[in-house]
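This report concerns only the one structure given below.
Bear in mind that the values here come from a model prediction, so they are computed numbers and not experimental data.
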Protein chains: 2
Amino acid sequence: MTDLLERLRERGWRLTAQRRIIAEVLSGDHVHYTADEVHAHAVERLPEISRATVYNTLGELVSIGEVLEVSTDGRAKRYDPNAHRPHQHLICSRCGTIRDVQPRGNPLADLPDDERFGFAVSQVEVTYRGLCPSCRG
Amino acid sequence: MTDLLERLRERGWRLTAQRRIIAEVLSGDHVHYTADEVHAHAVERLPEISRATVYNTLGELVSIGEVLEVSTDGRAKRYDPNAHRPHQHLICSRCGTIRDVQPRGNPLADLPDDERFGFAVSQVEVTYRGLCPSCRG
DNA sequence: TATTGACTTGGACATTGTCCATTGTAGGAT
DNA sequence: ATCCTACAATGGACAATGTCCAAGTCAATA
Ligand SMILES: [Mn+2]
Ligand SMILES: [Mn+2]
Ligand SMILES: [Zn+2]
Ligand SMILES: [Zn+2]
């Protein structure tokens with residue numbers, strides 16, 4: 001995304017070849033790569049890019065809110081470029097495919113006060129699971 | 001819990017000292033230990049119990065549905081003995097405390113058909129996050 | 001109390017992620 | 001156009017979590 005690179009420049013980031021490639025790998029809809037998947041794709045266009053740079057850059061993108069970190073399965077974390085439109089995830093239990101989805105209503109509102117244990121609840125993540133069209137055969 | 005051990009015996013499990021201790025560590029409400037935390041508690045009562053046995057036993061308990069595996073943060077998985085009453089989780093963003101909670105309604109029903117992408121959706125996990133009473137000071 | 005197949009053990013190995021000393025370079029200054 | 005330098009990239013050691021296996025041990029049955 002050129003707009004992502006533009007926002008990074010405005011934040012004072014140096015636009016290195018590595019950062020351009022990582023931004024490019026992260027563009028598109030329903031993209032939820034692990035760090036090593038991002039690295040594998042990046043290496044195709046910039047063979048000498050290191051794992052450390054991919055981890056560093058993803059961590060920085062997460063910390064400024066341009067990318068979301070998604071922990072779906074206790075395995076590797078996944079990185080989600082769709083950080084500006086709140087959404088939830090639908091995951092195939094068999095092949096692992098992940099889709100962005102938009103449930104109706106506000107999930108936060110479904111937790112009654114007497115179930116909040118005095119917490120100041122500010123955020124909610126919803127993960128739907130099931131079989132995708134190709135996996136139910 | 002004695003009833004857990006009873007159910008395991010009915011399934012033909014050998015009731016070893018290791019399994020008794022692990023079942024004991026996993027008893028109580030709002031218990032969500034990592035495998036290594038289970039091991040640390042178990043070692044207090046049975047110093048020679050091995051990590052491998054704890055991992056094996058937890059994995060078996062999960063596969064028969066007596067314990068739930070919860071991936072809260074992309075770090076270590078947590079093991080939840082409250083497997084017979086469906087519930088969701090409320091987690092403190094600061095100290096990590098986890099409480100079992102019961103949202104109202106059926107979260108599955110909030111995903112419209114046109115947001116299901118042809119999936120056969122069968123399960124939903126909801127994680128609420130916020131600050132617990134001691135952490136908002 | 002002897003038998004035996006299920007269980008446990010320790011340690012090697014795998015995956016995912018972090019850290020750091022060194023080397024390289026983007027972008028402003030001249 | 002070239003130089004400077006603070007910021008970024010690199011490779012490899014290390015850490016945390018989890019898996020696997022060959023060998024030894026023991027719970028339950030008879
Ligand atoms: Mn997403
Ligand atoms: Mn729970
Ligand atoms: Zn699938
Ligand atoms: Zn707290």
Check the distance between [N]'s [atom2] and [X]'s [atom1] and give it to me in whole angstrom.
X: B:Arg11; N: D:dA27; atom1: CZ; atom2: P; result: 22 Å
X: B:Ile22; N: C:dT8; atom1: CD1; atom2: C1'; result: 10 Å
X: B:Ile49; N: D:dT25; atom1: CD1; atom2: P; result: 17 Å
X: B:Leu58; N: D:dG18; atom1: CG; atom2: P; result: 10 Å
X: B:Arg78; N: D:dG18; atom1: CZ; atom2: P; result: 10 Å
X: B:Leu46; N: D:dT25; atom1: CG; atom2: P; result: 16 Å
X: B:Leu8; N: D:dA28; atom1: CG; atom2: C1'; result: 16 Å
X: A:His39; N: D:dG12; atom1: NE2; atom2: P; result: 13 Å

Taking atom [atom1] of [X] as the centre, does the number of heavy atoms from other residues, nucleotides or ligands within less than 6.0 Å exceed 12?
X: B:Arg7; atom1: CZ; answer: yes
X: A:Asp114; atom1: CG; answer: yes
X: B:Asn106; atom1: CG; answer: yes

* Asked: Does A:Gln18 place a side-chain N or O at less than 4.0 Å from the phosphate oxygens OP1/OP2 of D:dT10?
  ->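 Yes, within the criterion.
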* On DNA chain D, nearest-nucleotide positions of B:Asn56 versus A:Glu60: which is more 5'? ->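 With B:Asn56 and A:Glu60 compared, the 5'-side residue is A:Glu60.
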* Asked: Can you tell me which stems DNA chain D forms when a stem means 3 or more consecutive Watson-Crick or G-U pairs under 3.5 Å?
  ->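 Stem list for DNA chain D: C:1-30 with D:1-30.
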Pairs: protein N or O with nucleotides 21-30 of chain C N or O, under 3.5 Å:
unit_1, atom_1, unit_2, atom_2, d
C:dG27, OP1, A:Leu15, N, 3.0

* **Aromatic ring proximity, centroids under 6.0 angstrom, B:Phe117 and A:His30** =>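 Yes, the ring of A:His30 comes within the 6.0 Å limit of the ring of B:Phe117, centre to centre.
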Pair [X] + [Y]: basic N to acidic O under 4.0 Å:
X: A:Arg78; Y: A:Glu69; result: no
X: B:Glu60; Y: B:Arg19; result: yes
X: A:Arg104; Y: B:Glu115; result: no
X: B:Arg9; Y: B:Glu6; result: yes

* Could you give me the CA-CA distance, side-chain angles and deciding distance for A:His89 and A:Asp80, then say whether side-chain hydrogen bond (donor to acceptor under 3.5 Å, both in side chains) is met? => CA-CA 11 Å; A:His89 292 113; A:Asp80 185 341; 3.1 Å; yes
* Asked: Between D:dA9, D:dG11, C:dG11, which one does the side chain of A:Ala52 approach most closely?
  ->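 Selected nucleotide (nearest to the side chain): D:dG11.
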* Asked: Out of D:dA9, C:dC19, C:dT8, which nucleotide sits closest to the side chain of A:Arg19?
  ->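 The listed nucleotide nearest to A:Arg19's side chain is D:dA9.
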* Asked: Rounded to the nearest 0.5 Å, how far apart are CG of A:Leu90 and OH of A:Tyr128?
  ->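 One gets 9.0 Å once the value is rounded to the nearest 0.5 Å.
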* Candidate pair B:Tyr79 and B:His32, rule ring pair (Phe, Tyr, Trp, His ring centres under 6.0 Å), full reasoning -> CA-CA 5 Å; B:Tyr79 294 88; B:His32 304 92; over 10 Å; no
* Starting at the 5' end of DNA chain C and moving along, which residue's nearest nucleotide shows up first, B:Glu48 or A:Ala35? ->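 Whichever sits nearer the 5' end wins; that is B:Glu48.
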* To do: Begin from the C-alpha positions of B:Val124 and B:Asp110 and carry the test side chain to side chain contact (heavy atoms under 4.5 Å, CB included) through to its verdict.
  => CA-CA 10 Å; B:Val124 59; B:Asp110 287 340; over 6 Å; no
Mind listing the N/O atom pairs, protein and nucleotides 14-16 of chain C, below 3.5 Å?
unit_1, atom_1, unit_2, atom_2, d
C:dT16, OP1, A:Arg75, NH2, 3.4

